[in-house]
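Comments concern the structure below.
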Amino acid sequence: MITGAPRGVKDLLPKQTKQWHKVEAVIRQITREYGFEEIRTPIFEHSEVFHRGVGETTDIVQKETYDFTDRGGRELTLRPEGTAPTVRALLEHKLYAGPLPVKLYYVGPMFRFGRPQAGRLRQFHQFGIEVFGSASARVDAEVMAMAMDFYGRLGLTDLELLLNSIGCPTCRPGHREALQQFLAPKVGELCSDCQKRFEKNPMRILDCKNERCQELSQGAPTTVEYLCTDCADHFNEVKTLLDSAGVTYTLDDRLVRGLDYYTKTAFEIVSRQIGAQSSIGGGGRYDQLVETLGGPTTPGIGFGLGLERVLLTMENQGLLADDDQEQRDLFIATAGAGTAAVAFRLMQELRQRGMTVEMDYQGRSLKAQMKTADRFHVPRVMIIGESELAQGVVVLRTMSTSEQQTVPLDSVIAHLCGTAEPPMSV
RNA sequence: GCGGUUGUGGCGAAGUGGUUAACGCACCGGAUUGUGGCUCCGGCAUUCGGGGGUUCAAGUCCCCUCAAUCGCCCCA
C-alpha cells in the first residue's frame, strides 16, 4: 500500500453506507413533510464567503478552514459549514425575490482542520436546514421541533435541547458593556483565549469551558437579562410554542455558540453518550447574515446536524444492529460447456424483470458455487448442467428443503416471475 | 495546535534480544462420479505501520516519522 487515506478522513464501506442510506431516507422524508427543498452548493467557495459569513473572530475561520489558492490565483476555502454558502447561493440566484419564506435543506460533506478524535473528522457530513424571510418565532420553534423530530424518528433518546437567546444589535451593546464592566477587574485571570475575547467578543467568555473562567464569570450578566423588548417577546413566544408542542428543552443562559452570525435564538442538541464531542447538532437565528453578505435585509434561521455523530449516537444506543444481510432472489450455478452463456442470458432477463440474480464469475466447481449461493442466502438456486441443457431443462433447487424440480428451459422465466414479459421500460 | 495510549496476515490476537513469527475467525481448495449449511484435511505474513540507529543477533531496545485512539481547545 502506497498510502492510506489522509488523516481525519474516512471511507464509508458498504456496511456503513447501508446505515447512511437509512438516515438519508429519513432526511428525505422529514424535509418533504416540513416543506423543505434541497439545495446543493459547491464544496468550496471564495474564502471571503466564510470570513465575512461565519466571522473573522471565530475559531472555525481562525484555525480550522481548509484554504487553498487555485491555479488562477483565487483564494478558496473548503466549506466548513453550510449556512454561508446557502446564503451566497440565495443572493446569487435572488431566491429572496420569490415567495417567502424560502425553506432549504442540504446534506453533504464539510471540512474543518482539527485534531481527529471520537466524533470529529476533518471531513464530516452535515444535514442542515435554513429558513429565509421570516422573523416569526413560529419558525424558530418549527426548526427546533423538526430537529428533535428527526432524532426521534431515528429512535434516538436521551438527547437534550439547550436553548438561549443572545439578543440582537439593539440589545447586545448593553449586555456587552455590562459584561465587560463585570469582568474588567478580573481580566488578567482569564485564560489567554478569553483575554482576547474580552475585547473582541466578551459574550463568548460565558461559554468558555475553562474552569477558572467559569468561576470568574459566575454571576456575570447574562444575555437574557439584557434582551430588548422585541427579543424578549420573541424568546417568550418561542418557549411558549415549544411548550405547546411538547418539545422539551433546557434553558442555558451561557450557551453562546461559536459562529458570529447568530442573533436571538441559539440552540444546541447534545448527547451524553458519544464521548467528549457531545454536540450532535445546533443552530440559531441569523437576522443580519444576509445583509452582511451583501443582500437585502432578510431574517433567517437554521440548524446543522453532524451525521457522523448522529450515527455514533445511534450505534451507542444499539440502533444499528446490522440485521440485513445480503439478500438475493436467485443464484444460477452452471456446470459444463455452453452452460455459462445460457445462464448469463437467463440472469440478464430475470434481472430486467426485477429479480436480484447472481452467478459465478470464475468457472468454479459446482460445489464452490453452491457454497457461494448459500452465503447469498438465496431461497433458490437454478442449476444448469450439460445434461440438462441437452434436454432443454434446468433444475431449480429450494435451499431450505433441498428439494429440486426440473423445469423446461423455455418456461423457467415465467415459472420464476409469473410472466414471460419484461416490465414496461420507464 | 497541545497531552496520554497504541500500531504483528482481511479481522481478532500470541510473541517482553537469539533457529523456519502461535492460535482463532474469515477467505480459497479438497474429502472417488455434477450440488450448500456440520465435520475433517490442506492453502493463505520472505515479515511484524514506515525510515534510521544500537547489537554477533530486533517484531522485541533507542530516535524520527506516519496513522489510529482518548482527552484539551473548539465544534458537527
Side-chain angles (χ1 to χ4, degrees), chain A residues 1-10 13 15 54 57-65 79-83 107-128 147 191-194 196-197 204 207-211 213 255-259 268-271 274-283 303-313 331-337 339 360 362-389 395-404:
Chain A
M1 185 170 61
I2 300 173
T3 50
R7 177 155 221 207
V9 300
K10 265 203 170 71
L13 303 176
K15 199 174 173 181
V54 177
T57 64
T58 60
D59 285 328
I60 290 177
V61 168
Q62 284 187 344
K63 53 185 194 189
E64 292 178 355
T65 53
R79 37 131 96 146
E81 56 97 55
T83 302
V107 183
M110 302 295 164
F111 307 83
R112 256 121 99 158
F113 192 91
R115 197 90 129 78
Q117 69 178 266
R120 182 162 68 204
L121 282 306
R122 289 181 174 174
Q123 176 179 169
F124 61 102
H125 298 75
Q126 282 193 343
F127 156 43
C191 70
S192 58
D193 281 340
C194 283
K196 290 176 207 152
R197 288 172 181 149
R204 300 222 52 217
D207 72 352
C208 180
K209 305 299 182 294
N210 183 298
E211 264 186 48
C213 294
L255 177 73
V256 172
R257 298 195 47 81
L259 287 70
E268 195 162 312
I269 298 98
V270 297
S271 163
I274 55 174
Q277 306 308 318
S278 60
S279 170
I280 65 172
F303 68 60
L305 311 181
L307 263 22
E308 278 82 359
R309 291 185 187 175
V310 165
L311 269 309
L312 194 58
T313 312
F331 187 91
I332 306 180
T334 60
T339 56
D360 170 62
Q362 355 269 331
R364 297 189 302 156
S365 70
L366 223 211
K367 178 191 184 72
Q369 294 184 63
M370 291 304 290
K371 217 169 182 174
T372 303
D374 189 54
R375 242 194 323 264
F376 278 129
H377 297 101
V378 290
R380 284 187 291 192
V381 174
M382 184 192 298
I383 300 166
I384 308 176
E386 262 181 86
S387 55
E388 283 83 3
L389 202 53
V395 169
L396 284 182
R397 178 183 180 87
T398 300
M399 295 300 268
S400 57
T401 60
S402 297
E403 287 170 346
Q404 301 194 164

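The chains referred to below are lettered A, B, ... by the order of the sequence lines, with proteins before strands, and numbering in each begins at 1. Computed over heavy atoms, backbone and side chain alike; hydrogens, waters and symmetry mates excluded.
With both ends at atom P, the span from A22(B) to G59(B) equals 14 Å, rounded to whole Å. Across the P atoms, C74(B) and A14(B) are found 38 Å apart, a figure rounded to whole Å. Straight-line distance between the P atoms of C63(B) and G4(B): roughly 13 Å, to the nearest whole Å. Spacing of C1' atoms, U32(B) relative to A26(B), comes out at 29 Å, to the nearest Å. Nucleotides U47(B) and U20(B) are separated by 12 Å at their C1' atoms, to the nearest Å. Straight-line distance between the C1' atoms of C27(B) and C66(B): roughly 30 Å, to the nearest whole Å. Comparing A58(B) with G71(B), their P atoms sit 39 Å apart, to the nearest whole Å. For the C1' atoms, the distance linking C2(B) with C48(B) amounts to 31 Å, nearest Å.
Using a 4.0 Å heavy-atom criterion, one finds that Glu388(A) contacts the bases of the nucleic acid, with or without backbone contacts as well. Arg257(A) comes within contact range of the sugar-phosphate backbone alone, with a heavy-atom separation under 4.0 Å but no base atom that close. Counting non-hydrogen atoms under 4.0 angstrom, Gly114(A) reaches nothing in the nucleic acid. Arg79(A) comes within contact range of no nucleotide atom at all, as no heavy-atom separation falls under 4.0 Å. In this structure, Gln369(A) reaches neither bases nor backbone, as no heavy-atom distance under 4.0 Å exists between it and the strands shown. Ala368(A) comes within 4.0 angstrom of sugar-phosphate atoms only, judged by non-hydrogen atoms across all strands, and of no base. Residue contacts for Gly336(A): at a heavy-atom cut-off of 4.0 Å it reaches no nucleic acid atom on any strand shown. Across all strands, Ile383(A) comes closer than 4.0 Å to base atoms (heavy-atom distances).
Arg364(A) places its CZ atom 12 Å from the C1' atom of G36(B), with the value rounded to the nearest Å. Rounded to whole Å, atom P of C75(B) lies 15 Å from atom CD1 of Ile269(A). Taking atom CG on Asp193(A) and atom C1' on G1(B), their separation rounds to 11 Å, with Å as the unit. When the C1' atom of G36(B) is taken as reference, atom CD of Glu403(A) falls 15 Å away, rounded to whole Å. The distance from atom NZ of Lys63(A) to atom P of C72(B) is 14 Å, rounded to the nearest whole Å. Protein atom CG of Asp360(A) is 15 Å distant from nucleotide atom C1' of C27(B), rounded to whole Å. Note: CG (Leu312(A)) to C1' (A76(B)) measures 11 Å, nearest angstrom. A straight line from CG of Asp59(A) to P of C75(B) spans 6 Å, rounded to a whole angstrom.
Residues Arg397(A) and Met370(A) form a side-chain contact, since some pair of their non-hydrogen atoms from C-beta on lies under 4.5 Å apart. With contacts defined as side-chain heavy-atom distances shorter than 4.5 Å, the pair Pro6(A)/Arg122(A) does not qualify. For the pair Asp59(A)/Arg204(A), a side-chain contact is recorded, criterion being any heavy-atom separation below 4.5 Å from C-beta on. You'll find the side chain of Ile280(A) stays beyond 4.5 Å of the side chain of Leu312(A), heavy atoms only. Taking 4.5 Å as the limit, some side-chain heavy atom of Ile384(A) sits within range of a side-chain heavy atom of Leu389(A).
Gln369(A) places a side-chain N or O within 3.5 Å of a backbone atom of Arg364(A) that can act as its donor or acceptor partner.
Of the two residues near RNA chain B, Phe113(A) and Gln123(A), the one whose nearest nucleotide lies more 5' is Phe113(A).
With distances taken from any side-chain atom of Asp374(A) to the nucleotides G1(B), C27(B), G36(B), the minimum falls on G36(B). Nearest to the side chain of Ser365(A), among C74(B), G29(B), G30(B), sits G30(B). If you check C73(B), U35(B), C28(B) against the side chain of Lys367(A), the one that comes closest is U35(B).
When both pairing distances are held under 3.5 Å, C23(B) makes a Watson-Crick or G-U pair with G12(B). Across all strands shown, A67(B) forms a Watson-Crick or G-U wobble pair, both distances under 3.5 Å, with U6(B). Base pairing of C38(B) is not made with any nucleotide, judged by Watson-Crick or G-U wobble geometry with both donor-acceptor distances under 3.5 Å. Using Watson-Crick or G-U wobble geometry with both donor-acceptor distances under 3.5 Å, G1(B) finds its partner in C72(B).
Within the structure, every side-chain polar atom (N or O) of Arg120(A) is placed at least 4.0 Å from both OP1 and OP2 of C74(B). Residue Arg375(A) places no side-chain N or O under 4.0 Å from the OP1 or OP2 atom of A26(B). Contact check, Arg197(A) against C74(B): a side-chain N or O comes under 4.0 Å of OP1 or OP2.
Residues Leu305(A) and Gly281(A) share a closest heavy-atom pair of CD2-CA, 3.7 Å. When all heavy atoms are compared, the tightest approach of Phe376(A) to Phe331(A) is CD1-CD1, 3.9 Å. Closest approach of Pro80(A) and Ile60(A) over heavy atoms only: CB-CG2, 3.7 Å.
Residues meeting the side-chain contact (heavy atoms from CB on, under 4.5 Å) test with Gln123(A), sequence neighbours left out: Val9(A), Pro109(A), Phe111(A), His125(A). Legend: residues meeting side-chain contact (heavy atoms from CB on, under 4.5 Å) with Arg115(A), ordered by chain and number and at least two apart, are Arg7(A), Arg120(A).
Side-chain to base pairing of Arg309(A) with C75(B): one donor and one acceptor N or O lie within less than 3.5 Å of each other. For G36(B), its base sits under 3.5 Å from the side chain of Arg397(A) at one donor and acceptor pair at least. Ser402(A) contributes a side-chain N or O that forms a donor-acceptor pair with the base of G37(B) under 3.5 Å.
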Polar atom pairs (N or O), protein with nucleotides 64-69 of chain B, under 3.5 Å:
| from | atom 1 | to | atom 2 | distance (Å) |
| --- | --- | --- | --- | --- |
| A68(B) | OP1 | Gly8(A) | N | 3.2 |
| A68(B) | OP2 | Arg7(A) | NE | 2.9 |
| U69(B) | OP1 | Lys10(A) | NZ | 3.1 |

